[in-house]
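Computation of the quantities below employed the complete heavy-atom set of this structure, encompassing side-chain atoms and omitting hydrogens, waters and symmetry-equivalent molecules. Starting from 1, each residue takes its place in the sequence as its number.
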Amino acid sequence: MELNVKTLEGTDAGKLSLSDEIFGLEPREDLIARMIRYQLAKKRAGTHKTKGRSEVSRTGSKMYKQKGTGRARHHSARAPQFRGGGKAHGPVVRSHAHDLPKKVRALALRHALSAKMKSEDVIIVDNLVAAEAKTKLLVGSFASLGLTNALVIGGAEIDSNFKLAASNIPNIDVLPVQGINVYDILRRGKLVLSKAAVEALEERFK
């Protein structure tokens with residue numbers, strides 16, 4: 001398939017042929033959902049923690065004698081049924097990450113790119129270079145492209161002026177092509193790819 005290439009100022013800069021194996025698949029929601037769950041699980045800190053009965057600070061002596069009181073038999077006040085006792089089966093510090101095969105992750109990225117293409121939310125830009133690190137100038141350029149909520153993917157290295165200018169714009173994320181991922185693609189409205197990013201993606205999935 002072919003897509004029009006734009007400049008940052010919104011003018012035409014020719015056409016670019018895109019691979020159907022990356023941008024022309026029929027999107028599978030199950031693959032995309034598995035990948036997003038995998039990414040969000042890896043991001044979780046897993047630092048939630050409660051104290052068990054072996055960790056709370058209470059006396060270790062027997063609460064009252066074993067027999068003759070008419071009450072139930074108890075030993076430690078640290079037991080979870082007592083106020084001030086430990087938490088039974090509470091959360092512990094752990095990793096929430098789980099495995100997902102490398103081939104599934106790669107396929108999910110291709111399906112996410114195809115989903116954006118199918119919804120006509122992909123814009124190809126010839127070059128992501130800013131003459132000055134001025135946010136106001138870049139906001140004007142994005143307005144000419146109709147961008148208010150977008151993920152911008154550049155080549156292996158992002159132009160420093162462009163990166164600085166875009167850092168203050170709300171709802172605009174800028175990543176090098178190595179950082180492209182399913183979650184960020186789908187959480188933003190438009191996907192803006194530089195020609196260098198498209199070439200890198202096609203080389204990666206060749």
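Note on I22 and V198: same hydrophobic cluster, where clusters join Ile, Leu, Val, Met, Phe, Trp and Tyr whose side-chain heavy atoms are under 4.5 Å apart, directly or indirectly. Linking Ile, Leu, Val, Met, Phe, Trp and Tyr whenever their side-chain heavy atoms come within less than 4.5 Å leaves L186 and I172 in two separate clusters. Grouping the Ile, Leu, Val, Met, Phe, Trp and Tyr side chains by contacts below 4.5 angstrom, directly or via other members, places V5 with M117. Note on I123: it does not cluster hydrophobically with M1, by side-chain heavy-atom contacts below 4.5 Å among ILVMFWY residues. Cluster annotation: L3 and L8 are assigned to distinct hydrophobic clusters (Ile/Leu/Val/Met/Phe/Trp/Tyr, side-chain heavy-atom contacts under 4.5 Å, transitive).
Side-chain contact check for I180 versus L201: some heavy-atom pair is nearer than 4.5 Å. Between E29 and H111 there is no side-chain heavy-atom pair separated by less than 4.5 Å. The closest side-chain heavy-atom distance from T50 to P91 is below 4.5 Å. Residues V192 and L147 are in side-chain contact: their nearest non-hydrogen atoms beyond the backbone lie under 4.5 Å apart. Residues I36 and L40 are in side-chain contact: their nearest non-hydrogen atoms beyond the backbone lie under 4.5 Å apart. Within the 4.5 Å cutoff, the side chain of E26 has heavy atoms near those of the K118 side chain. Residues R34 and D30 are not in side-chain contact: their nearest non-hydrogen atoms beyond the backbone lie 4.5 Å or more apart. In this structure, R110 and F23 have side chains that are not in contact, with every pair of non-hydrogen atoms separated by 4.5 Å or more.
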*asked:* Using side-chain contact (heavy atoms from CB on, under 4.5 Å), reason through L151 and K190 one step at a time and then give a plain yes or no.
replied: CA-CA 6 Å; L151 171 65; K190 297 284 185 182; over 6 Å; no
_Derivation and outcome, side-chain contact (heavy atoms from CB on, under 4.5 Å), residues N127 and K195_ = CA-CA 7 Å; N127 211 356; K195 289 173 73 174; over 6 Å; no
*Carefully, step by step, assess D121 and R188 under the rule salt bridge (charged side-chain N to carboxylate O under 4.0 Å, His left out).*
CA-CA 10 Å; D121 286 326; R188 294 299 180 203; over 6 Å; no
*asked:* Run L109 and I185 through side-chain contact (heavy atoms from CB on, under 4.5 Å) and show every step you take.
replied: CA-CA 9 Å; L109 179 56; I185 288 172; 3.6 Å; yes
*Derivation and outcome, side-chain contact (heavy atoms from CB on, under 4.5 Å), residues V129 and N161*: CA-CA 7 Å; V129 176; N161 284 345; over 6 Å; no
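Note on residues 160-190: no pairs pass ring pair (Phe, Tyr, Trp, His ring centres under 6.0 Å), not counting sequence neighbours.
Summarising the geometry, atom CD1 belonging to I153 is positioned 7.5 Å from atom CD1 belonging to I158; distances are rounded to the nearest 0.5 Å. In this structure, CG in L16 is found 10.0 Å from CG in N4, a value given to the nearest 0.5 Å. For the atom pair CZ of R73 and CE of M63, the computed distance is 15.0 Å after rounding to the nearest 0.5 Å. Summarising the geometry, atom CZ belonging to R78 is positioned 7.5 Å from atom OG belonging to S57; distances are rounded to the nearest 0.5 Å. The CG atom of D173 sits 11.5 Å away from atom OG of S167, with the distance rounded to the nearest 0.5 Å. To the nearest 0.5 Å, atoms NZ (K163) and CG (L138) are separated by 14.0 Å.
Listed here is the closest heavy atom pair of A133 and A165: C-CB, 4.1 Å. The shortest heavy-atom contact between L175 and D184 is CD1-OD2, 3.8 Å. In terms of heavy atoms, G154 sits closest to A197 at O-CB, 3.4 Å. When all heavy atoms of M35 and R105 are compared, the pair lying nearest together is SD-CG, 3.5 Å. The two residues R44 and H48 come nearest to each other via the heavy atoms NH2-NE2, 4.3 Å. Taking both residues in full, the closest heavy atoms of L164 and T135 are given as O-OG1, 4.4 Å, listed atom of the first, atom of the second, then distance.
One finds no salt bridge joining K6 and D126 here, because no Lys/Arg side-chain nitrogen approaches an Asp/Glu carboxylate oxygen to under 4.0 Å.
A donor-acceptor distance shorter than 3.5 angstrom exists from the side chain of S119 to the backbone of A115, with no hydrogens or angles considered. Between the side chain of T69 and the main chain of K65, no donor-acceptor pair closer than 3.5 Å is present. E202 places a side-chain N or O within 3.5 Å of a backbone atom of S19 that can act as its donor or acceptor partner.
Enclosure of atom CD in Q81 by more than 12 non-hydrogen atoms of other residues, nucleotides or ligands within 6.0 angstrom is indicated. Crowding of E157 atom CD: a count of heavy atoms from other residues, nucleotides or ligands under 6.0 Å not exceeding 12. For K87, the NZ atom counts as loosely surrounded, since its 6.0 Å shell holds 12 or fewer non-hydrogen atoms of other residues, nucleotides or ligands. The environment of CD in E21 is sparse: at most 12 heavy-atom neighbours from other residues, nucleotides or ligands sit within 6.0 Å.
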